[in-house]
Amino acid sequence: MNWILKYIFFATLIICMINSCKSKIEVIEPPTELEIKVLKKAKDNSFVDANGAILAVFDDSAKYAKASETFTVTGAVAVDTSQKGTCNFTLKPSQKYYIAAYYVDSVWYTKPYIYQDNALLGAELLRPLNKSAKTFATITMDPAQALVTLYAGGTTASNIKLPIKLRIDNQQLQDLTRTFTTPPAPYDSGTTTLLIRRGRRPINFSDRFGCSSLRDTLIEGGKNYIIDANTCNAGRVAFWTVNENTSILPINVVIGINNTIGGISRTLVANHANPCQTNAILVYLLEPGEYTYTATNAKASSTGGKCLWTGKFTVVANQCAAIKLDQCF
């Protein structure tokens with residue numbers, strides 16, 4: 001029997017040598033602890049413990065960037081909520097981690113809450129975690145958004161420009177439908193108030209007559225912005241005619257020498273209260289200044305001829321000049 005056992009032993013040894021037989025030993029590194037102190041900026045610019053902050057740990061920079069932009073924790077390998085200003089994690093050592101921090105604070109403005117995030121967006125943990133040891137780090141947070149109130153400044157005469165359409169970051173907002181002689185407070189009726197993420201934000205204004213402006217605005221977190229959207233300095237001229245001229249429409253209008261601005265295709269009663277506030281006329285946007293005009297009817301009048309209207313007018317910024325074209329005989 002001994003020779004049989006020896007044979008089996010040597011045969012097994014030879015097979016292992018031929019197939020490079022070896023034992024695979026998996027080295028499992030003990031986890032490490034990470035303790036993060038979470039501080040938030042107070043109104044006096046001091047830093048205090050942030051209790052209730054949500055910290056998310058990512059091991060992928062792309063997932064971190066996407067989540068931190070939308071204040072989410074999707075894709076995180078670990079999540080914790082701070083207690084007494086501290087979060088604790090148990091993680092694998094020798095890996096690169098990215099920390100995102102979110103906080104909801106009603107101290108800055110009571111409605112709605114201001115979201116706060118890591119002051120150094122995109123910052124990775126500056127040093128690798130030590131094996132079997134506790135690593136300490138600190139995160140400080142600034143407000144991530146600002147409260148922005150948009151309104152239309154001006155007197156009652158400026159109402160002709162309403163509504164003013166608003167767009168921020170290509171997002172269409174609620175129209176402005178009234179004017180304010182003095183700057184309003186956030187959330188006042190007739191304003192549009194919203195939270196905007198800090199950074200450079202394009203704000204576009206466009207009034208009823210097509211006068212628009214684009215403002216590249218730097219938004220700082222935690223601040224309160226009151227922005228007048230009625231910043232167009234152009235004026236308007238409104239050409240209109242009476243009902244007696246219905247049969248000779250359209251009446252073509254030229255400003256200056258050859259600037260044809262269109263034709264009047266409808267009429268108004270002679271005692272219309274404010275031609276500048278109706279769509280039944282020809283309204284044109286112009287820079288402030290002195291202008292001349294010439295108008296002629298396309299169809300012959302009852303007497304078989306055509307009429308010629310000429311004159312001058314002055315355009316004032318943010319106002320409307322109404323030009324009446326009298327009955328053609």
Side-chain angles (χ1 to χ4, degrees), residues 151-167 172 174-181 190 204-214 228-329:
Y151 76 100
T155 61
T156 304
S158 299
N159 287 340
I160 61 169
K161 304 167 68 173
L162 301 177
I164 294 179
K165 296 187 177 298
L166 305 172
R167 184 178 289 273
Q172 189 70 47
Q174 181 180 351
D175 293 350
L176 300 179
T177 57
R178 61 165 291 193
T179 54
F180 294 82
T181 55
N204 182 271
F205 314 101
S206 179
D207 65 23
R208 182 167 75 93
F209 297 104
C211 186
S212 62
S213 61
L214 177 63
D228 185 359
N230 193 7
T231 56
C232 181
N233 290 323
R236 290 153 191 82
V237 58
F239 290 90
W240 66 285
T241 191
V242 294
N243 281 335
E244 288 79 3
N245 288 333
T246 300
S247 61
I248 63 170
L249 295 179
I251 297 176
N252 298 316
V253 180
V254 175
I255 293 177
I257 299 176
N258 58 4
N259 184 15
T260 301
I261 63 172
I264 299 175
S265 58
R266 298 182 184 179
T267 61
L268 295 176
V269 294
N271 60 348
H272 194 277
N274 192 342
C276 286
Q277 291 184 331
T278 178
N279 292 325
I281 52 172
L282 177 64
V283 180
Y284 198 71
L285 186 71
L286 292 169
E287 293 295 324
E290 299 285 336
Y291 295 88
T292 60
Y293 70 89
T294 300
T296 56
N297 53 303
K299 299 177 182 179
S301 65
S302 57
T303 59
K306 289 190 176 182
C307 287
L308 177 67
W309 296 266
T310 60
K312 296 180 179 181
F313 62 93
T314 301
V315 173
V316 179
N318 297 315
Q319 295 186 21
C320 179
I323 308 298
K324 175 186 176 183
L325 303 182
D326 290 320
Q327 181 180 357
C328 176
F329 294 99

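Listed here is the closest heavy atom pair of V237 and I323: CG2-CG1, 3.7 Å. Here the closest non-hydrogen pair linking A152 and I164 is CB-CD1, 3.8 Å. Minimum heavy-atom separation, D326 to V242: C-CG2, 4.4 Å. Between G190 and F180, the shortest heavy-atom distance links the atoms O-CE1, 3.9 Å. When all heavy atoms are compared, the tightest approach of K165 to D175 is NZ-OD2, 3.2 Å. A229 and L166 get closest at one heavy-atom pair: CB-CD2, 3.9 Å.
The CH2 atom of W309 lies 12.0 Å from the CZ atom of F239; values are rounded to the nearest 0.5 Å.
The shortest side-chain heavy-atom distance between L308 and T294 falls under the 4.5 Å cut-off. Looking at I251 and L282, their side chains never come closer than 4.5 Å, going by heavy atoms from C-beta outward. Using a 4.5 Å heavy-atom threshold, the side chains of N297 and N245 count as separate.
The aromatic rings of Y291 and F313 sit parallel, their planes meeting at an angle under 30°, below the 60° perpendicular limit.
Other residues, nucleotides and ligands place no more than 12 heavy atoms under 6.0 Å from the CD atom of Q174.
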